[in-house]
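See structure below.
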2 protein chains.
Amino acid sequence: MTTKATGKQGKGAEERLQELGYRLTPQRSMVLSAIEGSPDHISTEEIYEQVKAKYPNVNISTVYRTLELLRELGMVTQTDLGEGRVRYHPAERGHHHHLICSRCGRIFELDESLLYPLKEALLREYGFMADLRHLAIFGRCRDCQG
Amino acid sequence: MTTKATGKQGKGAEERLQELGYRLTPQRSMVLSAIEGSPDHISTEEIYEQVKAKYPNVNISTVYRTLELLRELGMVTQTDLGEGRVRYHPAERGHHHHLICSRCGRIFELDESLLYPLKEALLREYGFMADLRHLAIFGRCRDCQG
DNA sequence: TTGCGTGCAAACGGTTTGCAGGAAC
DNA sequence: GTTCCTGCAAACCGTTTGCACGCAA
């Protein structure tokens, strides 16, 4: 199979894989485009289902192995939303955070700037350099209070 | 087996169980005292090991069931430190948070007051009532930077 | 042609469940 | 005596691994 553009970011990521000496397989392409095509964070299972729709013989272990590779290379980022499983998004989509409503389950994205004061305070008070890329905050959303 | 004091907090929790109509079994007593006797957060496996030392026939499923009950009743609190397993501490031990060094693995406790500004900002900007009891922040500790 | 990447199947670790027997009340 | 709780064993779910084959380079 030849490399083909799968979306705005797709080609860049695929080329990067090859430049680093990794083989560009259809499975890897499809995992990449599933992640890049997802508006929000996507789980391994969801990626697997999406890839399987086009390519029914994929095995979920291949998806796991691909995700592990992409994570090592810093091309995708993991987020643990406390579901007992991890979710992925493209690394270049930037740092953002999650407000998870523990009643309705909705997930809201939170701008990073709100966390700067906390980050500074942690460094100042504890000498701790917080990596705030994976933050999930639980609580009640506007509609679910009271 | 008769109820016996297992520590400063033990008796209160055991009595509360009985008041609510639950049976006070040795297994439940021992799970409670394992949690209350632990200086920091304790995992299910660690609780199980501790109980088994005194009472070798306990089954880990009993530990899981007891922890689920205590959690439902609000007597213990879960914390997800991103280890793929959950840790417990007594609910009355109050709210506190964790700074987890992703290099050396050490866990530092963080005073809740540092989070008040964030909590206020979330409410003001997003109408989101954050429940900051379960927060885990990853990063590099003072000794592991650079 | 070479060896990396894959599909398959089995194993893993933490957790949950159905059941029958035993203990708390 | 009744009912709840337990131990046991098996199932569960997400994830990882060993192996031999096949495809990207």
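Everything quoted here is computed from the prediction, not taken from an experiment. Order of the sequence lines fixes the chain letters, A, B, ..., with proteins taken first and strands second; residue numbering starts at 1 for each chain.
Across the protein-nucleic acid pair, B/Glu46 atom CD and C/dG13 atom P stand 17 Å apart, rounded to whole Å. Between the CG atom of B/Asn59 and the P atom of C/dT15 there is a distance of 14 Å, given to the nearest Å. Rounded to whole angstrom, the span from the OH atom of B/Tyr64 across to the P atom of D/dT6 amounts to 16 Å. Atom CE in A/Met30 sits about 15 Å away from atom C1' in C/dG5, given to the nearest Å. D/dA24 atom C1' lies 16 Å from atom CG of A/Leu20, rounded to whole Å. Residue A/Glu49 contributes atom CD, which lies 14 Å from atom P of D/dC13 at whole-angstrom precision. B/Gln27 places its CD atom 5 Å from the P atom of D/dT6, with the value rounded to the nearest Å. Here D/dT3 presents its C1' atom at 14 Å from OH of B/Tyr22, a figure rounded to the nearest Å.
Counting all heavy atoms, side chain and backbone alike, A/Leu114 lies closest to A/Leu110 at CD2-CD1, 3.8 Å.
Between the B/Ser38 side chain and the B/Ala34 main chain, no donor and acceptor come within less than 3.5 Å of each other.
Remark: B/Glu68 engages B/Arg71 in a salt bridge, criterion side-chain N to carboxylate O under 4.0 Å. Ion pairing of A/Arg87 with A/Asp40 is absent here, as no side-chain N (NZ or NE/NH1/NH2) approaches a carboxylate O to less than 4.0 Å.
B/Ser29 and B/Glu14 share a donor-acceptor pair across their side chains, judged by distance under 3.5 Å alone.
With hydrogens and angles left out, the side chain of A/Arg65 and the base of D/dG18 share a donor-acceptor pair within 3.5 Å. No hydrogens or angles were tested; on distance alone, a donor-acceptor pair under 3.5 Å links the side chain of B/Arg23 to the base of D/dT3.
Minimum atom distance to the side chain of B/Thr25 is reached by D/dC5, of the listed C/dT15, D/dC5, C/dT6. Nearest nucleotide to the B/Arg28 side chain, out of D/dT6, C/dA24, C/dG5: D/dT6. Between C/dG7, D/dA25, C/dA24, one nucleotide has an atom nearer to the side chain of A/Gln18 than all others, and that is D/dA25. Candidate nucleotides D/dG7, D/dT15, C/dA24 were compared by shortest atom distance to the side chain of A/Ile60, and D/dT15 ranks first.
Comparing B/Arg85 and B/Ser61 along DNA chain C, the residue whose closest nucleotide (by nearest heavy atom) sits nearer the 5' end is B/Arg85.
Residue-level contact check: B/Tyr48 touches neither bases nor backbone, having no heavy atom under 4.0 Å from any strand.
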